[in-house]
Amino acid sequence: MTNFDYDLFVIGAGSGGLAASKRAAALGAKVAIAEGDLVGGTCVIRGCVPKKLMVYASHFSHFSQEASGYGWEIPAGKLDWNKLRDAIQSEVSRLNKLHISFLEKSNVELISGFAKFVDAHTVAVGDRQFTAERILIAVGGEASKPDLAGMEHAITSKEMFLMPKFPQRFAVIGGGYIGTEFAGIMRGLGADVTQIIRDRYVLRGFDHDVRINVQESMVNHGIKFHTCINSDSLTISKNASKDESELTISFKDGDGNLQQINADTVLAATGRQPNLSPLSLDKANIEVVKGAIAVKEDSSTNQPHIYAIGDCTNRVNLTPVAIAEGRAFAETVYGHTPRFISHNNIPSAVFSQPEAATVGLSEEKARELYGDRIKVYKTKFRPMFYSLAGGDTKTMMKLIVVGEEERVLGLQMVGKDAAEIIQGMSLVVTMGGCKKDLDNTMAMHPTAAEEFMTMR
Ligand code: NDP
């Protein structure tokens, strides 16, 4: 037993903080967790969970048309945005309460309020102070907008779930995960959508075929694109002459010509950054590099008793990574079973429409590392579902292998159920599997996933 109030004080009750605090308590530590907002964090409250519910909602717009190909005559529906928004918020609220109850059952004390450092072993929450032998920072990140004229008129992903009115004309600035996902969602829900990006294709950093196939499908679904824009020239203004809620986005295109588009709502999906300013990290002399908490492989900071996990460390900013980092920390420190998280070969999905999912290396990265030793297997087809439902949504699948033994370096997919398929298939990359392991796996017919077993 120590002289501190707690063995572990966790700052931030998002995915990483919740996982770490419960695991540490289960291993015998006396744990408190501070949260200034709703318990659950970005993923549960204003990220992955409400986003996925909106993705599901957006699929229904195709329903009557697709069903008609299968002989069903179902009248086209109409979205009640208020009903959808409130239903999502009530699910978020249920999950928030569930996570609070999980903390209670795990004997983790919840302290409501934003925590900040007083010194290296003391944090303040409001006018209360707490000491702890170890402190874990798991404060996540927040959306960042570029410093451009009129950006105050743009909303971020956080406000997307709370929009008072459904915008008929919707514009997105940014071609990353969030911009691409919301462009698809809003188009599916019935808005006129324009996406403004500064590269030629969305999803910079992803496999080139993934980028092209996602964007082609988005265009087929009616999303308009402005590509290769000069982002420094971008401004947003309120259109005073018309409806005062109308916004005008002005920017120079790739040829230097001025372009203007009008929208009811503009989403700035231009990246996220660690949420460090309220923490007074200087009081504990915690090192920050490029706006993120600097950590070692075991998630410890320059102060050996202070740890940081999740988006505030800006390693790989995904919920399952934060959870894995949190549990590895707790098991290493309180379970005496040292364990590090590998940040390689992390599968990820973009819930665009259709979905994109990836694990391991892109073709470009593989070629950079292995040159001509790589081989690429690729297929593109219309999934069976659409043979009656109509539409020209295609599925693209790609397998990247290296050497004579054809070790699998990466799997890429754009299409229906890509996230579910790649999650299962990611095992072959983690286990160092080869093309022959896929060849030796019996295909399951008729599925889309079987294509990975039969590629030639
Ligand atoms: P990303 O970093 O993925 O993308 C940011 C986008 O904004 C890029 O297209 C970038 O362009 C563009 N951009 C940046 N600055 C400007 C500017 N000044 N003007 C115009 N465009 C600009 O960030 P997101 O906000 O989309 O997502 C943040 C993070 O959240 C992701 O990286 C991911 O870790 C996580 N996330 C994961 C999801 C999932 O797993 N499905 C879903 C949602 C979020 P360029 O490419 O040219 O730099």
Side-chain angles (χ1 to χ4, degrees), residues 14-16 41-55 140-151 154-161 171-185 194-206 208 210-211 214-215 218 225-236 249-254 259 266-275 291-292 310-323 325 343 346-359 414 418-420 422-423 426:
S15 301
T42 300
C43 177
V44 174
I45 307 296
R46 61 194 90 85
C48 331
V49 171
K51 179 274 307 285
K52 189 86 188 270
L53 294 172
M54 275 176 87
V55 169
E142 60 189 355
S144 65
K145 291 187 204 173
D147 188 15
L148 296 168
M151 267 295 156
I155 63 170
T156 66
S157 52
K158 187 174 168 179
E159 290 94 51
M160 282 300 299
F161 305 109
V172 191
I173 304 167
Y177 281 84
I178 294 179
T180 304
E181 289 180 345
F182 274 114
I185 289 169
T194 306
Q195 191 165 3
I196 301 163
I197 60 175
R198 58 186 182 184
D199 203 359
R200 184 164 298 284
Y201 297 105
V202 292
L203 302 174
R204 194 195 289 270
F206 281 69
H208 193 60
V210 168
R211 302 179 69 190
V214 167
Q215 196 156 319
M218 292 174 81
F225 275 91
H226 285 275
T227 61
C228 303
I229 70 139
N230 174 346
S231 58
D232 292 337
S233 69
L234 195 144
T235 60
I236 305 175
I249 310 166
S250 310
F251 53 88
K252 287 193 180 144
D253 64 19
Q259 301 286 343
V266 179
L267 168 66
T270 46
R272 294 175 60 82
Q273 63 186 18
N275 197 5
D311 289 12
C312 66
T313 64
N314 202 14
R315 284 177 280 184
V316 177
N317 299 335
L318 297 170
T319 297
V321 177
I323 292 172
E325 288 168 355
H343 290 92
I346 293 172
S348 92
V350 185
F351 293 97
S352 48
Q353 298 182 24
E355 291 172 1
T358 165
V359 61
V414 176
E420 303 288 350
I422 292 293
Q423 174 68 92
S426 58

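Note that the structure is predicted; figures quoted are calculated from it, not measured. Indexing begins at 1, ligand by ligand and atom by atom, following the structure's order.
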Which heavy atom of the protein is the closest neighbour of atom 38 (C) of ligand 1, given with residue, atom name and distance? Tyr177 CD2, 3.2 Å

I need the Phe351 CZ to Lys52 NZ distance, nearest 0.5 Å. 4.0 Å

For Lys51, the ligand 1 atoms with a heavy-atom partner under 4.0 Å come out as 41 (N), 42 (C)

How long is the straight-line distance from CE of Met160 back to NZ of Lys51, given to the nearest 0.5 Å? 12.0 Å

What protein heavy atom sits nearest atom 2 (O) of ligand 1, and how far off is it? Gly271 CA, 4.2 Å

Over 12 foreign heavy atoms within 6.0 Å of CD, Glu420: no

Would you check whether Arg204 has a nitrogen or oxygen atom less than 3.5 angstrom from a nitrogen or oxygen atom of ligand 1? yes

Give the residue and atom name of whichever protein heavy atom lies nearest to atom 29 (C) of ligand 1, and the separation in Å to one decimal. Arg272 CD, 4.0 Å

Nearest non-hydrogen contact with atom 44 (C) of ligand 1 belongs to which option: Val350, Leu148, Ile178, Asp147? Ile178

Where Ser348 and Leu318 come nearest, the two heavy atoms and their spacing: CB-CD1, 3.8 Å

Using heavy-atom distances only, which candidate in Gly179, Pro320, Pro347, Gly175 approaches atom 9 (O) of ligand 1 most closely? Gly175

What distance do Asp253 atom CG and Ser233 atom OG have between them, rounded to the nearest 0.5 Å? 8.5 Å

Suppose we measure from atom 12 (C) of ligand 1 to each protein heavy atom; which comes out shortest, and what is that distance? Gly174 CA, 3.9 Å

Looking at every non-hydrogen atom in both residues, tell me the closest pair between Arg198 and Ser231 and how far apart they are. NH1-OG, 3.4 Å

At what distance, to the nearest 0.5 angstrom, does OG1 of Thr156 lie from CD1 of Ile178? 8.5 Å

At less than 4.0 angstrom from any non-hydrogen atom of Ala269, what atoms of ligand 1 do you find? 5 (C), 6 (C), 7 (O), 25 (O)

Report yes if some N/O of Asp199 lies less than 3.5 Å from some N/O of ligand 1; otherwise report no. no

So which heavy atom on Gly141 is nearest to which on Asp311, and how close? N-CB, 3.8 Å

Identify the protein heavy atom lying closest to atom 48 (O) of ligand 1, giving its residue, its atom name and the separation to 0.1 Å. Arg198 NH2, 3.1 Å

For Ser348, is the nearest heavy atom under 4.0 Å from an atom of ligand 1? no

Stepwise, does the ring pair (Phe, Tyr, Trp, His ring centres under 6.0 Å) test hold for Tyr201 with Phe225? CA-CA 9 Å; Tyr201 297 105; Phe225 275 91; 9.1 Å; no

Identify the protein heavy atom lying closest to atom 41 (N) of ligand 1, giving its residue, its atom name and the separation to 0.1 Å. Ala349 O, 2.7 Å

Can you name the nearest heavy-atom pair linking Met151 to Lys145, along with the distance? O-NZ, 3.1 Å

Where is the nearest protein heavy atom to atom 4 (O) of ligand 1: which residue, which atom, and how far? Gly176 CA, 3.3 Å

Side chain, backbone, both or neither: which part of Leu318 comes within less than 4.0 Å of ligand 1 when only heavy atoms are counted? side chain

Selected option - heavy-atom contact closest to atom 7 (O) of ligand 1, from Thr270, Asp232, Ile196: Thr270

Pro146, Gly141, Cys228: member with heavy atom nearest to atom 18 (N) of ligand 1: Pro146

Numbered in order shown, the ligand 1 atoms found under 4.0 Å of a heavy atom of Asn317 are 33 (C), 34 (O), 35 (C)

State the CD1-CD distance between Ile196 and Gln259, to the nearest 0.5 angstrom. 10.0 Å

Can you tell me the protein heavy atom closest to atom 19 (N) of ligand 1 and the distance? Ser231 CB, 3.2 Å

What distance separates Cys48 SG from Leu53 CG, expressed to the nearest 0.5 Å? 11.0 Å

Residue part near ligand 1, for Ile173, under 4.0 Å between non-hydrogen atoms: side chain

